Amino acid sequence: MTREFIFKANKTITSPEINLKDLPGSCGRLDLVCRCISDSLFLSHDIRRDTIFYSILCGPPNPPVCIKFVGSELKKVSPDERNIAIFIKKALKKFLDSKNKEEWIESTPGIYVRKIGFKDLVMEKIREGKNIYYLHKEGKPIEEVSIEKPVFILGDHIGLLEEDESFLKDKAIKVSVSPLELHANHCIVIVHNVLDKRGIGDDPNYSYSDR
Ligand SMILES: C[S@@+](CC[C@H](N)C(=O)[O-])C[C@H]1O[C@@H](n2cnc3c(N)ncnc32)[C@H](O)[C@@H]1O
């Protein structure tokens with residue numbers, strides 16, 4: 001079963017004018033997006049092929065833009081933030097130049113970009129039969145939650161906006177991974193660990209026991 005993550009990046013840049021030397025500042029916390037991508041998809045010397053990561057970039061100049069990283073298709077990307085940012089820059093350039101922005105556009109293997117906002121993406125996942133889990137400190141402890149066909153929602157340093165939270169109210173189960181407020185990328189690591197131990201998410205073509 002596939003594990004999916006949606007990370008809402010409230011301030012992250014939506015043009016390819018990315019300054020690779022200033023991911024946190026002028027790029028609107030693009031460093032957080034890159035860390036979440038790294039922690040959701042990379043194992044030591046391997047990739048989680050059962051994982052798909054989405055980030056909705058909501059910063060200037062042209063929000064929203066969604067980037068998608070598909071673990072089973074990724075090639076040549078490495079886990080460091082700068083390298084991931086280079087691939088995001090390429091994706092945003094491809095997006096800028098493309099005519100049909102409403103469909104997924106493949107930028108490089110396994111990396112796609114599209115014009116879709118947070119709520120529309122969540123609705124699309126629900127229509128696909130996925131279950132939505134909103135990661136939040138005040139949620140139900142993850143150990144007590146049954147998880148199937150999961151899409152996990154995460155906020156950035158600001159968190160989800162009030163309007164996003166009320167939208168999710170009747171659509172998502174609120175799940176906590178710790179009594180403490182953690183970084184989003186650390187929550188991803190914990191979620192993976194819980195699911196790894198439960199054996200959820202294994203790709204039939206890929207056995208974790210082969211590692
Ligand atoms: C740095 S935190 C957000 C802090 C922000 N000031 C707020 O109040 O939401 C980033 C994201 O990680 C997730 N998160 C943080 N701590 C968590 C926890 N203990 N359990 C589950 N998710 C958590 C939430 O999705 C949160 O939006």
Side-chain angles (χ1 to χ4, degrees), residues 1-14 22-42 48 51-59 63-69 71 79 81 84-85 88 116-126 130-198 200-201:
M1 198 192 316
T2 310
R3 302 171 185 182
E4 299 186 49
F5 296 90
I6 300 176
F7 176 71
K8 182 151 186 267
N10 290 299
K11 302 283 182 196
T12 302
I13 188 166
T14 45
D22 188 24
L23 302 182
S26 57
C27 300
R29 299 312 312 263
L30 183 57
D31 60 319
L32 297 180
V33 177
C34 296
R35 280 204 285 280
C36 285
I37 290 169
S38 181
D39 287 342
S40 61
L41 289 161
F42 289 92
R48 289 187 180 270
T51 298
I52 301 175
F53 178 91
Y54 301 86
S55 184
I56 311 283
L57 313 181
C58 299
V65 176
C66 180
I67 47 161
K68 171 167 79 159
F69 278 60
E81 282 171 42
I84 292 170
I88 292 174
I116 185 168
F118 175 72
K119 293 176 190 163
D120 287 337
L121 182 62
V122 170
M123 288 312 295
E124 202 168 279
K125 291 289 140 193
I126 291 171
K130 301 287 163 59
N131 299 307
I132 311 297
Y133 301 90
Y134 172 28
L135 291 167
H136 192 282
K137 185 166 75 86
E138 310 300 339
K140 195 170 176 187
I142 192 163
E143 296 77 14
E144 298 170 18
V145 180
S146 139
I147 292 171
E148 283 176 42
K149 298 190 205 161
V151 177
F152 298 97
I153 311 279
L154 296 131
D156 61 2
H157 59 301
I158 297 166
L160 288 193
L161 305 182
E162 239 173 73
E163 57 161 295
D164 300 321
E165 291 210 325
S166 51
F167 164 77
L168 286 178
K169 212 158 197 149
D170 59 348
K171 299 174 184 69
I173 301 169
K174 235 176 175 176
V175 177
S176 171
V177 296
S178 164
L180 305 177
E181 188 80 55
L182 304 178
H183 291 295
N185 59 309
H186 295 165
C187 297
I188 291 171
V189 173
I190 294 175
V191 166
H192 271 318
N193 182 252
V194 168
L195 299 187
D196 290 345
K197 287 181 184 164
R198 287 188 199 173
I200 297 173

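Indexing begins at 1, ligand by ligand and atom by atom, following the structure's order. Because the structure is a prediction, the values reported are computed rather than measured.
Residue pairs meeting the side-chain hydrogen bond (donor to acceptor under 3.5 Å, both in side chains) criterion with at least one partner in residues 162-173, sequence neighbours excluded, are Lys8-Asp164, Lys119-Glu163, Tyr134-Glu165.
For ligand 1 and His136, the ligand atoms under 4.0 Å from any heavy atom of the residue are 20 (N), 21 (C), 22 (N). Atoms of ligand 1 lying under 4.0 Å from any heavy atom of Val175, numbered from 1 in the order shown and given with element: 21 (C). Heavy-atom proximity to Ser178, at under 4.0 Å, picks out these atoms of ligand 1: 18 (C), 19 (N), 20 (N). Close contacts between ligand 1 and Leu180 involve ligand atoms 16 (N), 18 (C), 19 (N) [criterion: under 4.0 Å to a heavy atom]. Heavy-atom proximity to Leu154, at under 4.0 Å, picks out these atoms of ligand 1: 25 (O). Proximity to Ser176 (heavy-atom distance under 4.0 Å) selects the following atoms of ligand 1: 20 (N), 21 (C). Taking every non-hydrogen atom of Leu182 and a distance limit under 4.0 Å, the qualifying atoms of ligand 1 come out as 1 (C), 2 (S), 10 (C), 12 (O), 15 (C), 16 (N). For ligand 1, the atoms lying closer than 4.0 Å to a non-hydrogen atom of His157 are 4 (C), 5 (C), 6 (N).
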Fill in: ring-ring contact (aromatic ring centres under 6.0 Å, His included) evaluation trace for Phe5 with Phe53
CA-CA 5 Å; Phe5 296 90; Phe53 178 91; 7.0 Å; no
Worksheet entry | Intermediate values then yes/no, side chain to side chain contact (heavy atoms under 4.5 Å, CB included), Ile13 and Leu57 | CA-CA 7 Å; Ile13 188 166; Leu57 313 181; 6.0 Å; no
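At the shortest separation from atom 17 (C) of ligand 1 among protein heavy atoms lies Cys187 SG, 3.7 Å. The shortest contact between atom 3 (C) of ligand 1 and any protein heavy atom is with Asp156 O, 3.2 Å. Shortest contact from atom 20 (N) of ligand 1 to any protein heavy atom: Val177 N, 3.0 Å. Given atom 9 (O) of ligand 1, the protein heavy atom at minimum distance is Gly159 CA, 3.4 Å. Nearest protein neighbour of atom 11 (C) of ligand 1, counting heavy atoms only, is Gly155 O, 3.1 Å. The protein heavy-atom contact nearest to atom 8 (O) of ligand 1 is Ile158 O, 4.3 Å. From the protein, the heavy atom lying nearest to atom 25 (O) of ligand 1 is Leu135 O, 2.6 Å.
Rounded to the nearest 0.5 angstrom, Ile67 CD1 and Tyr54 OH are separated by 12.0 Å.
A salt bridge links Asp196 with Arg48: the closest approach of a Lys/Arg side-chain nitrogen to an acidic carboxylate oxygen falls below 4.0 angstrom. Salt bridge Arg29/Asp31: present, at least one basic N to carboxylate O contact under 4.0 Å.
Side-chain atoms of Tyr133 come within 3.5 Å of backbone atoms of Glu148 as a donor-acceptor pair (strictly under, hydrogens ignored). Side-chain atoms of Asn131 do not come within 3.5 Å of backbone N or O of Pro150 as any donor-acceptor pair.
In this structure, Ile142 does not count as a contact residue of ligand 1, since none of its heavy atoms falls inside 4.0 Å of the ligand.
The two residues Ala9 and Val33 come nearest to each other via the heavy atoms CB-CG2, 3.8 Å.
The number of heavy-atom neighbours closer than 6.0 Å to NZ of Lys174, taken from other residues, nucleotides and ligands shown, is above 12.
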